[in-house]
Structure formats: C-alpha cells, structure tokens
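A quick write-up on the structure given underneath.
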2 protein chains.
Amino acid sequence: MSFRTIEWRDNAVLMIDQTRLPAEEVYHRYTDFTFVADAIRNMIIRGAPAIGVAAAMGIALGAQKINADTAESFFRQLFDICDLMSKTRPTAVNLFWAIERIKKKALELKDSPLDSIKEELKNEAILIEREDLETCKSIGRHGAELIPEGATILTHCNAGGLATAGYGTALGVIRAAHHAGKNIRVFADETRPWLQGARLTTWELMKDNIPVTLISDNMAGFFMSRGEITCCVVGADRIAANGDTANKIGTYSVAVLAREHGIPFYVAAPVSTLDLSMSDGSCIPIEERPVTEVTRIRGIQIAPEGVNVRNPSFDITPARYISAIITEHGIAKDNFKEQFKALAAA
Amino acid sequence: MSFRTIEWRDNAVLMIDQTRLPAEEVYHRYTDFTFVADAIRNMIIRGAPAIGVAAAMGIALGAQKINADTAESFFRQLFDICDLMSKTRPTAVNLFWAIERIKKKALELKDSPLDSIKEELKNEAILIEREDLETCKSIGRHGAELIPEGATILTHCNAGGLATAGYGTALGVIRAAHHAGKNIRVFADETRPWLQGARLTTWELMKDNIPVTLISDNMAGFFMSRGEITCCVVGADRIAANGDTANKIGTYSVAVLAREHGIPFYVAAPVSTLDLSMSDGSCIPIEERPVTEVTRIRGIQIAPEGVNVRNPSFDITPARYISAIITEHGIAKDNFKEQFKALAAA
C-alpha cells in the first residue's frame, strides 16, 4: 500500500484526510483525543474497521494525558473518554467492539501503576491496528477463492485499505485475487451522497494498478442486465446473528439486483463486525446524516434551497440475498447463525 | 405552471436553460436552428416530449431562413436541417416522431408557394407544442385514478413540465392527483449523473407546492423496504411494441426493487413515445454520454483524473416489471402489444 490510513507515531495519531481525497493527499496529526472523536464524526476517517482502530487510538491518546492521583479517578476519566468516543457514529459495531476491548484491557491492568496502564493501552491500540491489517489479508486469502479468473467484480462504497488499517475487506478480496494472478477488473459504484466509490475506491485501486471503472449507483442494474458483472463484493458495518448485514446505503439495492440476475453477492468483514447480540437486522441502528451531504457536493448547491431531504447512511441487506460472508477465519454460507458461532470462537 | 419550458415567439425559439436550474432561471432566445440542435445535444432542453417539440421548432426556424428558387432546392435544404436535428440524441423516439411529422406536413404542402410552406411548418411546430400540453393533461387525468389517497410516490429523473411542453407525464399524473385533492407526497431520486431529480423535479414540484423529498438514487430500496413508498411513476424515452421501456438510467433498478417489494410501477408517456417498429427493448439504441458528467459536478472534479468511466444515459425496463403504461388515450395493462395497437389508433 502506498498510503497509511491511520497510525500511532510519537504519541500522536496520524491519519489521511478522507474528505479531501482524491484531490489532495493530506495527513492530520492529532495529539488531543477530542479531535480524534471529531475526525470519526466528520468522516476524516471512515469505514467500520478503520473507525474501530481510530476509536482505540483516540482513547489511548486520551489516556496518556489523564491527570489522576488514584486509580478510581483514572478509570472515571478513561470511561468518560470511552463514552465520548462511543457517541461519534452509531451503526458500525467495530467502534463499540474496539472500545470494549480497550476497556477490558484497562480493567485487566487495574492494579498496575497508572503509567504502566497508559503504556499498555497505547500498545493495545497499536495491536488492534496491526491485527486488523493481518485480518484483512486473511479475509483476502479466503475470499479470493470465490473470484473466478476473468471476473468483473462490482463493489459499493469503499471497503478498502482506507476503510481498514490497510488492504481492505471487500477490496482485500479483490487485491488478493489480483495478486494471485487472476485477470480481474472492478466496477466501482460512485456511492452517493459521500462518493466513497468515486473518490476513494477508484483512487486506491488505481494506485495498485487494478483495473477499475467508475459508474453511478443507478447503473449497476444496467450492467448486470448486460451480463457484464460476474459477482459483487461489499464490506459491512454490522452483521446480525442471522446474517442480516448493515452496510453503506445502496448495498441492499445492489443485493436485490444481484439476486434478480443470478449473480453471487458476497460480504467481506472481520469477525469483529459480527454482532451476535442482535438476532436480526431490524435491531441495527441506522444513522441519518446531515442533509447537506445530499444537497451540496464539494460546497456546491445542487438542489433548491430549503428542499426536504432524507439521508439514511446505511441500509440492511437481509441474509437471504447474501451468497457468502467472508471472514478472516473462513467463509460462512447458508445457515449463518450456526457458522458464525464457530467463526467467532475460532 | 410558473415557467415555460419552450415556446415560439416573434420568429424565435425561447427555452429555459435546464443546465442552470435550480440556481439560475435563464431563458435563451434562438433564431438559428443550429443553436437549437446544440441545445438538444447539450441538454439545455431535455425530456423526450420536450426535445420532440424543440426539434419541430428548430426545423421550422431553419425553414424560415431557407433561400431557395425552386421547391426542389427548398426541400433539399429542409431535409438537411431534419437530418442534422435527427443526430442530436439517439434514444428518445419523440425526436424522430416530431421530425417525421414536420417532414410529412411539408410534403403534403409540396405544391404550395414556399412562403406558405414556411408559415405552415411554423404553425405545425406550435401545434405540436400545444398538443403536447393537452396530451400531458390527459395522461394526468388517466393516471391520477391509479394514485391512492395518502400515497407516497417515488419518481426518477424529471418527467415533468420541464420534460414536456408543460405539466409533465409522470409529474402530470402527480399534478392531476394533487389537483384532484388527494393528499400525496413525492420522493424524488436525485438521478445521477445529471441530477434531473435533485435540480429539476424538486424545483418544479416546490413551485407547485406539492410536497417533495429528495433522496439519492441508492436510497429508493431502503425506503421501499421500510414501507414508505406506495407506488412508482416514471416517464419514458421509447417504448417497444411489447412494452419494454427505455428511460433514464436507473429506472430499471427502481422497477426491479418495486417488484421485489410488491409496489406498483407505472410508466406515463404520450402515444408518440411508442415505437411499434421495435419488437422489444433490445433494439432500442442506448446513448452513452461524456464521462465528465460522472467525474465532474458543476465543474468540480470528484474522481481521480484519468479514471475509466462508463456513462450509459438510459436503460431498458422489461415489460414484465411494468404494472401499467399510462397514455393520453388510456391505460395499458398486461398484454401491452394488443393494447398499444388500440391506443395508437385512438
């Protein structure tokens, strides 16, 4: 990868500004955890696994600066930081998974000197980032087996290196198939309103010399009907126990169209995206984001002033539309509920 | 209607510039037919019935300035103008229908003095415009009966007053239902890449105080899955003999999603949109437009420079997804082939 999505360096969190890609490659350096929370909220960093890493690093960053005489005071302040971080975005479960992991680590160390806890929380956050990269590569290895030679793969949003610590989930599958020597190409939905596909997926695939063609979201059905799409691979923000999957708005439409055309529809995500506490997708909270995401593009007004707008940022794809869910521990098909238990325990 | 899409006034063709709405309400005045052809090609005016009117007026405008000593010379020049006009856009059949109608009128008058032919071609073009307005109102009356009280109607692209001489086809149905006192509201797909929904449909419905909510194209499935859409109404650019319908890219996806959710999907179009010479939709030519429509919005680059892009401007919705086709002569359901013959002859 020729870019770093997020990293810990010299007691600061560095991240590439995804709001300014592809026009500008700008890196921010945060030393204050509240700015990391803002970066998640304002989508400087986005993508379920990446915001998990960002939340962990943000909390670790905040922990370094806690001024406490007692463990009780330290933990009260630490939990306040966790609480703030948990309110940045509601849908992606990886955020909450990472926060819980950092909390658990802190509680394991509760009898240690505070400086040692601070050091270990930093190490845990860095470990989450490193593990995520390995996880993506493992997802890629498993998923690549599903991609036929010569395939044209439709993807939606950006489930790439930019959405993770690197390599990507859906784009990890694509990268692994490409690196295995398969002659593949990608169709990228532009993914309104935020244009993750147009701005980010094309950018990172072009950097890797993987052939990519940009289309607007409403063209996917046309190309499927012409027989130009072999399969679909997308990421996930939260997967319920029955396999229902929350992902970027428009994923559901792609899945319905894929089934209508008999095209396999794959979800690629780490096990940390599974939320076995939710029996099905109807329980997953769907974030609605500011209307200006729809009415303005790069600051330019494209709709009448004062128009009513709805802007749900995610949708739910019921499990029956999903051909397989690709995780770092293997692939689940059919009866997701049973298979998830094994994958989560692996 | 508080705007005029196109009109003939003082030996000139006036039209509102649809590339600049909703930010600016600018009217152009053309006295040269080649500029009318450019206006169609560059989507200053768009929408199947409206470009039919524009082509007719453009040819009539060209005819006024023909300098000919003989009928033979006049007709040669007139047919050259028709030929130029026919090459502006390939998909909407109304363009070719209007050109043929003007040609037929001219040939009927071939023994008349040239000044008289010029005058009659102008009158024929104005008549096409007036008839289109009445046609839309009739489509509206028929279609309104299909719209239940309290309905939320999804529409795609702009099949409104701006796409016709006024009143609209799909939006004609919506206007008629609204004027009949039904408490309805509209969800408008923004319709990438050209944003006809965001820029035009919202603008003209807000002017008429018809409640409208703007969504991006990839949200339609989400709102259907939540039970928030009662029915879909769209326009058409060309309808084959079996009912297969070419319309703005993305229409097919809406139709597939509508059927998946058991939601009626209606097409509203004048009989001039029927192309009974085509047995099915596979024969209809699909225009691919410049890639900058996808990569730039209002001049702002939103994708990496040099990215591959596909930009088909239309898709084909097979007849089996269409619940009914609403024309000015009545509504066709099922067995479109038989019913079209009766409607076209009415």
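Chain A is the first sequence line, chain B the second, and so forth, proteins listed ahead of strands; every chain is numbered from 1.
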Side-chain heavy-atom pair [X], [Y] within 4.5 angstrom cut-off:
X      : Y      : result
B:V294 : A:L214 : yes
B:S253 : A:L257 : yes
B:R226 : A:I286 : yes
A:M219 : B:P193 : yes

Could you tell me which portion of [X] (side chain, backbone, both or neither) has an atom closer than 4.5 angstrom to a non-hydrogen atom of chain A?
X      : result
B:N308 : both
B:I249 : both
B:E293 : neither
B:R310 : both

> Once you round to the nearest 0.5 Å, how far does CD of A:E305 lie from CE of B:M206?
Replying inline: 9.0 Å
> When rounded to the nearest 0.5 angstrom, what is the spacing between CD1 in A:I297 and CZ in B:R192?
Replying inline: 5.5 Å
Between [options], who has the most heavy-atom pairs with chain B when the cutoff is under 4.5 Å?
options                        : result
A:A303, A:G306, A:G299, A:P312 : A:P312
A:D189, A:L200, A:V212         : A:V212
A:V307, A:I302, A:I215         : A:I302
A:T213, A:L21, A:D217, A:T202  : A:T213

> Given a strict heavy-atom distance threshold of 4.5 Å, which part of A:R199 is in contact with chain B: side chain, backbone, both, or neither?
Replying inline: both
>> Need one label for A:F314: side chain, backbone, both or neither, based on atoms under 4.5 Å from any heavy atom in chain B.
In response: backbone
> Can you tell which of B:E190, B:K248, B:M224 has the highest number of heavy-atom pairs within less than 4.5 Å of chain A?
Replying inline: B:E190
> Which pair of heavy atoms, one from A:F222 and one from B:Y252, lies closest together, and at what distance?
Replying inline: N-CD2, 4.2 Å
> Looking only at heavy atoms, what is the nearest atom pair of B:P304 and A:A198, with distance?
Replying inline: CD-O, 3.2 Å
> Would a distance-only check, ignoring hydrogens and angles, find a side-chain to backbone donor-acceptor pair under 3.5 Å from A:D315 to B:G221?
Replying inline: no
>> Any side-chain to backbone donor/acceptor pair from B:N218 onto A:T191? Under 3.5 Å, distance only.
In response: no
> Will you find, in the side chains of B:Y321 and A:E260, an N or O donor that is under 3.5 Å from an N or O acceptor?
Replying inline: yes
